[in-house]
There are 2 protein chains.
Amino acid sequence: MSFSITEENYIKAIFHLQQGDENVSTNELAAELHTKAASVTDMLKKLKAKKLLSYERYKGVRLSAEGKKLALGIVRKHRLWEFFLVDTLQFGWDEVHDVAEELEHISSKKLVEKLDAFLGHPKFDPHGDPIPDSHGKMAVQQHINLIDLALNKIAEVSGVGSQSTELLELLKHKHIGIGTKLEVKRKFSFDHSIEIKIKNQNAFTISQQLAQALFVKTV
Amino acid sequence: MSFSITEENYIKAIFHLQQGDENVSTNELAAELHTKAASVTDMLKKLKAKKLLSYERYKGVRLSAEGKKLALGIVRKHRLWEFFLVDTLQFGWDEVHDVAEELEHISSKKLVEKLDAFLGHPKFDPHGDPIPDSHGKMAVQQHINLIDLALNKIAEVSGVGSQSTELLELLKHKHIGIGTKLEVKRKFSFDHSIEIKIKNQNAFTISQQLAQALFVKTV
DNA sequence: AATTAAATTTAGACAAATCTAAAAATAATA
DNA sequence: TATTATTTTTAGATTTGTCTAAATTTAATT
Ligand SMILES: [Mn+2]
Ligand SMILES: [Mn+2]
Ligand SMILES: [Mn+2]
Ligand SMILES: [Mn+2]
């Protein structure tokens, strides 16, 4: 069976919203997709008929195994294309989301596999999010917020909490990116700023807001 | 202004059909787009309203300057993506058309320019068709059919008349591709087969059908 | 020139995806 | 529990692109 771009966007949105264990509500979906609740209801009936999800009126929605598989395929394409755009074509990470939002709907199965191979089977996208493999499996990132990292433990930046241009600008200026190794030397309770040190550089402090936007894993 | 995938496909189809000087007819378009004449009429009215073409009922259609510019942009994307698929991702040239048919509608202007630069600003796609540059200009190929090439003139394969798997299979077997240099040694009137010679190889004959499917330019 | 044939356009209907406004169900609060 | 407030669904329209069947125009033949 094949699905329209609209249907695929709904499936992906549900996938991202159902990370908890509660069902996804009509209003949540409407907000995520910048559409109206009435439109969501219409589409949910359609996607239920296609067996991509379980849905009963007034009770929210959850993807079926089928739906989850479809969602993972779309997420795989989205993140592979993001990797391509940044790694191969030198886009900034704040520029790639909207383009990938289109590219993720290109249907060729062969294209995805060839692209994956060309890129060297990357495990994470430019924002540190895991890329599902061709079977839908992806690395489970147990990264923690930088604000919670213990003192003097060397850790590697593995993800960001936002993909905004503003964050990218700041990170560029401080020479921090995915993969940067650092350790926390002090935490200041006055403003919750923290002092970090990157190898071969002098220690410097970063704001609470920035620390909360960074995820790290210990190495 | 932005255009739907359907509108873009119409514009591109008209562009390809209007190479002569006559207007493009409704039926020609319907055949090209695998749709019905009535649908074409509806769409032509819409595209006329958007000033992409001139159209009067019963008189056929022709692209405006606007329309031509749009068409060249789509053709540029189509051929750049085909080049990418063959050159970077190692697709066979018979596999790329349908994928490029989708990729040509990705809207990001920046993506096209970065892709073009990454590929090294190629001038021709894998089938020997010229790739328009960012201003819509493209090399005017004055290649001739191999069947019409004079004896003992060294020429370079510059295009194919078909993109079928069958042709590709045959050309692979004979080690002929775009860029191959060859000369015609004899022409046989019995079956119109021709004997060709590729540098450092023994001469061999190819059929009339194959010769007619190959375009060359003298070097 | 009259007739037939072919091409093209209109008329009317349909499916997909969306919207607004009103109704119905559920949740929250007094 | 009764009353509000919120969420969700239905009802009815709208837009885009498509189709079939019938009407119209143009082209080709007698
Ligand atoms: Mn999308
Ligand atoms: Mn991402
Ligand atoms: Mn297309
Ligand atoms: Mn081509």
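Residue numbers start from 1 in every chain, and the chains themselves are labelled A, B, ... in the order their sequence lines are given, proteins ahead of strands.
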Select one nucleotide: of [options], the one nearest the side-chain heavy atoms of [X].
{"X": "Ser39(A)", "options": "dT18(C), dT18(D), dT8(D)", "result": "dT18(C)"}
{"X": "Thr26(B)", "options": "dT20(D), dT9(D), dT8(C)", "result": "dT8(C)"}
{"X": "Lys45(A)", "options": "dT8(C), dT20(C), dT10(D)", "result": "dT10(D)"}

- Between Ala38(B) and Met43(B), which is nearer to the 5' end of DNA chain D once each is assigned its nearest nucleotide?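 The 5'-side residue here is Met43(B).
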
Without decimals, in angstroms, what is the distance between [X] [atom1] and [N] [atom2]?
{"X": "Asn23(B)", "N": "dT26(D)", "atom1": "CG", "atom2": "C1'", "value": "15 Å"}
{"X": "Asp42(A)", "N": "dA15(C)", "atom1": "CG", "atom2": "C1'", "value": "13 Å"}
{"X": "Glu22(A)", "N": "dA27(C)", "atom1": "CD", "atom2": "P", "value": "14 Å"}
{"X": "Glu8(A)", "N": "dA16(C)", "atom1": "CD", "atom2": "P", "value": "16 Å"}
{"X": "Glu28(B)", "N": "dA6(C)", "atom1": "CD", "atom2": "P", "value": "17 Å"}
{"X": "Phe3(B)", "N": "dT16(D)", "atom1": "CZ", "atom2": "C1'", "value": "15 Å"}
{"X": "Leu44(B)", "N": "dT18(D)", "atom1": "CG", "atom2": "P", "value": "11 Å"}

Do the side chains of [X] and [Y] get close enough for a salt bridge, i.e. N-O under 4.0 angstrom?
{"X": "Lys109(A)", "Y": "Glu113(A)", "value": "yes"}
{"X": "Arg76(B)", "Y": "Asp116(B)", "value": "yes"}
{"X": "Glu104(B)", "Y": "Lys12(B)", "value": "yes"}
{"X": "Lys50(A)", "Y": "Glu66(A)", "value": "no"}

- Between Asp191(A) and Ser193(A), is any side-chain donor less than 3.5 angstrom from a side-chain acceptor?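 Per modelled atom types, Asp191(A) and Ser193(A) side chains form a pair under 3.5 Å.
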
- Taking atom types as modelled and ignoring hydrogens, do the side chains of Asp125(B) and His78(B) form a donor-acceptor contact shorter than 3.5 angstrom?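 There is no such pair between these side chains.
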
- Using heavy atoms to find the nearest nucleotide of DNA chain C for Lys59(A) and Tyr55(B) separately, return the residue whose nucleotide is more 5′.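 Upstream on the strand: Tyr55(B).
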
Are any of [X]'s side-chain N or O atoms less than 4.0 Å away from OP1 or OP2 of [N]?
{"X": "Tyr10(B)", "N": "dT18(D)", "value": "yes"}
{"X": "Asn27(B)", "N": "dA6(C)", "value": "no"}
{"X": "Lys36(A)", "N": "dT20(C)", "value": "yes"}
{"X": "Thr35(B)", "N": "dC19(D)", "value": "yes"}

- Passing candidate, side-chain contact (heavy atoms from CB on, under 4.5 Å) with Lys187(B), options Ile147(B), Thr205(B), Ile194(B), Leu149(B):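 Option passing the side-chain contact (heavy atoms from CB on, under 4.5 Å) with Lys187(B): Ile194(B).
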
- Message: Among Leu214(B), Ile176(B), Thr180(B), exactly one meets side-chain contact (heavy atoms from CB on, under 4.5 Å) together with Ile196(B). Which residue is that?
- Response: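 Passing option: Ile176(B).
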
Enumerate all atom pairs, one protein N or O and one N or O from nucleotides 23-25 of chain C, separated by less than 3.5 Å.
residue	atom	partner	partner atom	Å
dA25(C)	O4'	Tyr58(A)	OH	3.2

Under 3.5 Å, which protein N or O atoms sit close to an N or O of nucleotides 3-5 of chain C? Give each pair with its distance.
none

- Message: Less than 4.5 Å apart, side chain to side chain, heavy atoms only: is that true for Thr35(B) and Tyr10(B)?
- Response: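 Yes, at least one pair of side-chain atoms sits under 4.5 Å.
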
- If the plane angle is over 60° it's perpendicular, under 30° parallel, otherwise tilted; pick one for Phe84(A) and Trp81(B).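 Rings of Phe84(A) and Trp81(B): tilted, 30 to 60°.
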
